[in-house]
Amino acid sequence: MNSKRFMWSACIIVLLFSLFYRLPVIQLDFGHTIYYLKEDHFELRWIHSVEKEEWVEVYQREDDELILTETYFKTFGAGVPSDGEVIDAQDDFIHMKISERLSEMNLTVSENVKTTIISNETEILLYEITNDYESVTISIEYLPIWEYIGGEFL
C-alpha cells in the first residue's frame, strides 16, 4: 500500500515539475513564425553594405539577456565599434572584444547582405526564411518542457 502511495506522490511531483519548470532558449520572432535555438550562443553574419566585406558578431545567452561578446570584420569603416578591445587573431579579420548586454535585438533581414545565423556549426540563412527587409526580433524566452520538446528549433 505504501509503495502505491509513493508512486502516486512521485508522479504528482514529476507532473508539477514539468508544469512549472522552464528551459531558456534563444527566440527568433519573425512576426508570423517563431523559431528557437537550443544553444546558448550564436554568430550573426552579413556582408557590410559599404565595405562589401563579411562582418560577424558573436552573441551569448546569459540569464534574460543576449551579450554581444565579440565582433570581427576585415576593414575599419562605417559602424565599427570605437571602444572595443582589439584581440590578436591569426586570420584575415580584425577581432574586437565587446561586452554589450541586450534584452532583445531587432534585426532587418536582407538578401543583399546575406543575413545569416551560425548556431552549432549550422548555417541558418535568415534571408531565405523571410521576405527581404522584414524584421526579426531575437530575444531570450523560457519554454515549458512540452514546448521545448515539440518546438520549432532551427
**Asked** How many angstroms lie between atom CD of E43 and atom CG of N120, to the nearest 0.5 angstrom?
**Response** 11.5 Å
**Asked** Between atom CD of E53 and atom CD1 of I47, what is the distance when rounded to the nearest 0.5 Å?
**Response** 8.0 Å
**Item:** Verify same cluster id: I94, V58 (apolar side-chain graph, 4.5 Å)
**Value:** no
**Test salt bridge (charged side-chain N to carboxylate O under 4.0 Å, His left out) applied to E70 - qualifying residues, sequence neighbours left out** = none
**Message:** Quick check: closest heavy atoms across S103 and S139, and the distance to 0.1 Å?
**Reply:** O-CB, 4.0 Å
**Request:** With sequence neighbours left out, write down each residue that passes side chain to side chain donor-acceptor pair (under 3.5 Å) with E57, or none if nothing qualifies.
**Result:** Y59
**Request:** Quick one: which residue pairs count as a ring-ring contact (aromatic ring centres under 6.0 Å, His included) with a foot in residues 91-143, not counting sequence neighbours?
**Result:** Y72-F93, Y72-H95
**Request:** Name all pairs fulfilling the salt bridge (Lys or Arg N to Asp or Glu O under 4.0 Å) condition that reach into residues 110-136, sequence neighbours left out, sorted by first residue then second.
**Result:** none
Identify every side-chain donor-acceptor pair in residues 28-42 under 3.5 Å, counting partners at least two apart or on other chains, and give the distances.
| from | atom 1 | to | atom 2 | distance (Å) |
| --- | --- | --- | --- | --- |
| D29 | OD1 | G31 | N | 2.7 |
| E39 | OE1 | S119 | OG | 2.8 |
| D40 | OD2 | Q60 | NE2 | 3.3 |

**Request:** Might you confirm whether atom CG of D91 has over 12 heavy atoms from other residues, nucleotides or ligands at distances under 6.0 Å?
**Result:** yes
**Item:** L44 side chain reached by V56 side chain, heavy atoms, under 4.5 Å
**Value:** no
**Prompt:** Considering residues at least two apart in sequence or located in another chain, which fulfil the side chain to side chain donor-acceptor pair (under 3.5 Å) criterion with T137?
**Reply:** N106
**Prompt:** Cut-off 3.5 Å, side chains only: do T71 and W55 have a donor facing an acceptor?
**Reply:** yes
**Prompt:** Taking only residues at least two apart or on different chains, which pairs with a member in residues 98-109 satisfy salt bridge (Lys or Arg N to Asp or Glu O under 4.0 Å)?
**Reply:** E62-R101, E65-R101
**Request:** In sequence, state the C-alpha distance, the side-chain angles, and the governing distance for L66 and I140, and then conclude on side chain to side chain contact (heavy atoms under 4.5 Å, CB included).
**Result:** CA-CA 7 Å; L66 292 168; I140 306 301; 3.7 Å; yes
**Asked** To the nearest 0.5 Å, how far apart are CE in M105 and CD1 in I26?
**Response** 9.0 Å
**Message:** Assess the residue pair I124 and I129 against the criterion (side chain to side chain contact (heavy atoms under 4.5 Å, CB included)); give the C-alpha distance rounded to whole Å, side-chain angles, the decisive distance to 0.1 Å, and a yes or no.
**Reply:** CA-CA 8 Å; I124 304 163; I129 295 174; 3.6 Å; yes
**S110 versus T115, closest heavy-atom pair with distance** = N-OG1, 3.2 Å
**Item:** Point-to-point distance, once rounded to the nearest 0.5 Å, from CD1 of I138 to CG of L107
**Value:** 5.0 Å
**Those residues that, when tested against R61, pass salt bridge (charged side-chain N to carboxylate O under 4.0 Å, His left out) (two or more places apart)** = none
